[in-house]
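Below, chains carry the letters A, B, ... as their sequence lines are ordered, and counting in each starts from 1.
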Amino acid sequence: MDYDPQDIEERWRERWAETGRYEADPGDADDDATFITVPYPYPSGGMHMGHVRTYTVPDVYARYRRQRGDNVLFPIAWHVTGTPIIGAVERLKKGEKEQLSVLRDTYDVPEDTLQDLETPMGYARYFIEEHYKRGMKSLGLSIDWRREFTTNDERYSKFVTWQYETLRDRDRLEKGLHPVKYCTNEEQPVTTHDLLEGEEAEYQEYTLIRFGLDDAVVPMATLRPETVRGVTNAYVDPDATYVRATVDGETWLVSETAAEKLRLQAHEVSVTEHVAGADLVGRSVTNPVTGDAVPILPAAFVDPDNATGVVMSVPAHSPDDYLALQEAKADDERMERYGVDPDAVAAIEPVPILDVEGYGDVPARDAVESAGITASDDPELEAVTKELYNREFHGGRLHDDYGEFAGEVIEDVREAYRETGVEAGNFDTMYEFSEEVVCRCGGAVEVAEQDTWFLSYNDEDWKQATKRVVENMECIPENTRGEYDHTIDWLNEWPCIRNYGLGTRLPWDDDFVIEPLSDSTIYMAYYTLAPRLQEIPVGDLDREFFDALFYGADAVDDPDPRALDLREEWQYWYPVDYRFSANDLISNHLTFYLFHHAELFAESEWPAGIVIMGMGLLEGQKMSSSKGHVVLPDEAIQAYGADTVRFFLLNSAEPWQDYDWRADQVESVRDQLERFWNRATELVPEEPASTFEDDRPALEHVDRWLLSKLQRTISEVTEAMEGAETRTASQTAFYDFEESLRWYRRRADVDRPAAQWTLRHALETRLRLLAPFVPFMANELHERLTGRPAEEAPWPDVDPELTDRTVELQEARIEQLTEDVHDIVDVTGTDPDTVRVYVAADWKRAVFEAVAEAGPDVGAVMSEAMSDPALRERGDAVNDLAGELVELVRDLDETTVDTMATLDERAVYEAAAAFLEREFDATVDVYDEDADPPDPGEKAGDAVPFRPAIHLE
RNA sequence: GCGAGGGUAGCCAAGCCUGGAAACGGCGGCGGACUCAAGAUCCGCUCCUGUAGAGGUCCAAGGGUUCAAAUCCCUUCCCUCGCACCA
């Protein structure tokens, strides 16, 4: 019967759906409950091959644990919180070309369905049903479908509400100011998806150095606050409009636009007077740190729309400032026009504040001079500046007048220096974007500061508790452990609410919604409750209900019995044994997951393990739905079958390694599976027999060899699966054993009943090992072979009765001999009629015994051998041979060597003579070297134990 | 810059932790068997040299440790990913 994956797979899908095969419920207390999760998909688009492995790896592990007898729960749900889906719907409604192309071309959304996607939940629902669910079912994922939910469900919101109320009570939430993107036209915060320009823009935190001018503060914005001692002058744009304004009760002088920005950034601002930039030029301002008075000079390069519109000049360390100063000095006329005394300008000299290797006293001068730059419009200036800034930041050491910071490298102390200045009242802070940002409505977007709730991931005791979670957790691969610790150390407060989006409202202020990374930290617990929670009215799911559920009957005055009932269910499944996730989520989602479990649940419910998965490429390149560079699971399953897709994904790399979906490789996998299928069906009997154990025929040497290899396969596959090494496991069960089978078919008369029995036994075992990977094919064949699906059969155990080291070693000799004869045939280009094989003489054998006795040490072997008078005579020859044999034995364990010592080589080769005659179409004669054999090629003397001499005629 | 992971024969890729095989396997290529033929299947070969199972030169580059290094150490070059308030 031909391999027809579509037919086979469809039948199993139906069967699994009809029987609810993977629905898991709590069983007996002594059951082994295994709970496996994976981040729920975010259906802002369709599922493509990049997602497929993410869900297939945990499925394979789940199937493995089930075969090992565990009660396994593998659920899924849908993350619809936040703004991406809303953004996608907006773009669709506006008829954006790019968005329509992604939907129509990349994800094949039918034309008449597009309008259903015009509401957020309609959009989400389409991709959930038509892509994710359909794809997951096609792939045969062993999911308990009764437990699915979305994060927009009202009961889920009740659960998140409980979580955030609890966190607030425990002081893990705090209120504070936070920079947000704010559209000045729409007068509201916007997200990255709302932007027309500047999606890449970053928040830059400027330090404002509070220079003084009479009674007013002139805040100079800088990213390098430590250069404050090197300021020689200030610059304003003489043509721009500045204002005198009251800012938080003080008088400030800033550009007109800066005043507006300061107002957005939580300052009280009222403008009292407009001032022309030119009127400020020529006046002097006082440096708050040094107390020095420096002049304000005119400069056209000052941008009044950036930061405060007033900049300080540090000519010793800024190439721009250095050149601007040179230009000012060279243009007396211009200075005079603005009422600046040219002599005062001429007197300005750069003031160095740090030393940096590779530059002289005045690094900026060196930098521009060595690059041959003379004008501030030189295109090379930017690169030179960047280079200098970098060198100064990473290697610049501050001069002595920096007090406690003297001698320190900028990189290490900039932040501390800044804070000291802020505390002393000399510095302030202002945010600005790194580039221009424009809203889709056309309005300018500025940085605003808004009151926000934060999760206090910076709390030291919370960090410590989370580190204990990591300590007790299994990290796969192990080298990710440090990354969690690193993230915990570095994590700061996290703003956990947004102004809009789908999801749960902040319980005490429904203007805000809890953002996606914050509403998904403990939802694994919700899986254990989801189906039965449906029976409980939403109104009953209050704080008390969940307190009773998660903290027990004693936690509340009047516990709801339904909550206590659910508590048992939760406790049965929790903790999560393995969460399968992706590398880039360590620095946020996964660590949040650990934080919240550490805080909210007892140690016994903490995450037990996380498996990190690598990412997927398509034909060597990153997948991208916007470029259409994706493969949809449906297409691939249609073309190759789900088993092929699964096997390729699991077999081409270990879960934590990156993999590359390549059509030619996938095709080859499909061919391999087909070949396997064809071979297997030849062994399927007319009537399925449940077992052949009762009528096992007498086995021959080769049969025992294959069965012994099979035992080795079982133990290797099992060990690999325990470590979630799906590549090693599938490689071993499939390809490696295939190698053994190839040899077996060559060696054995496979029509014998014993061979048939052996092949069927091996097939049955292998189907069970492969069932997690290719469940459709493995179950089908196993059922045809034995009457029950592979997944109903237990995971194979190693049968010590069938493990036979001696047989394996014997067969290895025959393989070696065959290969050697082949080599000689190839090299000589002859076609022998006679193959003579000479087994090493007895004394050589004795040397091997000495090696086995003394171990891999030539000296020890020699003293052992020399005690034998017969060997002593042969002195040098024994020494040479001992060296050779020690080499041979070095890597082998003692049991193997001892077994080798008992091997009767002559008998082994003679038993294989018939095979060798077939193989080479020649007469094969086996002789003892020391029995005076016919030796036309004078080869017999070359024989060595386990390496017989060969002569071809 | 910081943190992580890499660079292995035409391509993909194992081995590296726990030094001791020109280095698993696949794809592609070449030759052969079977066949009317094609496909499938099977068997060889696929760094260089070689009419005897061998020798030579190799695992980004350069040094070092060692009797012995793809494997350990150092230096350099190159690639990928993350560095947040975004899922």
Please report the distance, rounded to the nearest Å, between [atom1] in [X] and [atom2] in [N].
| X | N | atom1 | atom2 | result |
| --- | --- | --- | --- | --- |
| Leu517(A) | A84(B) | CG | P | 13 Å |
| Asp664(A) | C12(B) | CG | C1' | 9 Å |
| His822(A) | A33(B) | NE2 | C1' | 13 Å |
| His79(A) | C86(B) | NE2 | P | 14 Å |
| Lys939(A) | A54(B) | NZ | P | 12 Å |
| Gln731(A) | C12(B) | CD | P | 17 Å |
| Asp584(A) | G82(B) | CG | P | 7 Å |
| Asp489(A) | A4(B) | CG | P | 13 Å |

Looking only at atom [atom1], what distance separates [N] and [M], rounded to whole Å?
| N | M | atom1 | value |
| --- | --- | --- | --- |
| G56(B) | A14(B) | C1' | 25 Å |
| G20(B) | A69(B) | C1' | 9 Å |
| A22(B) | G55(B) | P | 10 Å |

At under 4.0 Å between heavy atoms, what does [X] touch on the DNA or RNA strands: base, sugar-phosphate, or nothing?
| X | answer |
| --- | --- |
| Ile586(A) | nothing |
| Pro948(A) | base |
| His589(A) | nothing |
| Glu667(A) | nothing |
| Asn492(A) | base |
| Arg679(A) | sugar-phosphate |
| Ala949(A) | base |
| Glu674(A) | nothing |

Nearest to the [X] side chain among [options], which nucleotide is it?
| X | options | answer |
| --- | --- | --- |
| Arg742(A) | C85(B), G26(B), C43(B) | C43(B) |
| Glu483(A) | C42(B), A4(B), G53(B) | A4(B) |
| Ile824(A) | G53(B), C43(B), C86(B) | G53(B) |
| Arg947(A) | G53(B), A14(B), C86(B) | G53(B) |
| Gln657(A) | A14(B), C86(B), G82(B) | A14(B) |
| Met615(A) | C81(B), G3(B), C86(B) | C81(B) |
| Lys181(A) | U51(B), U80(B), C86(B) | C86(B) |
| Val827(A) | A84(B), U51(B), C12(B) | U51(B) |
| Arg675(A) | C85(B), C43(B), C42(B) | C42(B) |
| Arg727(A) | A84(B), A13(B), G25(B) | A13(B) |

* To do: Report the C-alpha separation of Arg746(A) and Glu919(A) in whole Å, then their side-chain angles, then the decisive distance to 0.1 Å, and conclude whether the salt bridge (Lys or Arg N to Asp or Glu O under 4.0 Å) test is met.
  => CA-CA 9 Å; Arg746(A) 211 165 135 190; Glu919(A) 192 74 10; 2.5 Å; yes
* To do: Would you kindly say whether His178(A) and Thr452(A) are connected by a side-chain donor-acceptor distance under 3.5 Å?
  => no
* To do: Report yes or no: do Arg172(A) and Ser456(A) form a side-chain donor-acceptor pair below 3.5 Å?
  => no
* Asked: Does Glu738(A) come within less than 4.0 Å of Arg742(A), counting only side-chain N to carboxylate O?
  -> no
* 5'-most by nearest nucleotide on RNA chain B - Glu515(A) or Glu953(A) -> Glu953(A)
* Asked: Mapping Gln665(A) and Ala943(A) onto RNA chain B by nearest heavy atom, which one lands closer to the 5' end?
  -> Gln665(A)
* Residue Asp921(A) excluded, over 12 heavy atoms near CG under 6.0 Å -> no
* Asked: If you count the non-hydrogen atoms of other residues, nucleotides and ligands that lie under 6.0 Å from CD in Glu719(A), is the total more than 12?
  -> no
* **Distance-only donor-acceptor test (3.5 Å): side chain Asp820(A), base G53(B)** => yes
* Inter-residue atom distance Asp485(A).CG - Thr466(A).OG1, 0.5 Å rounding -> 10.0 Å
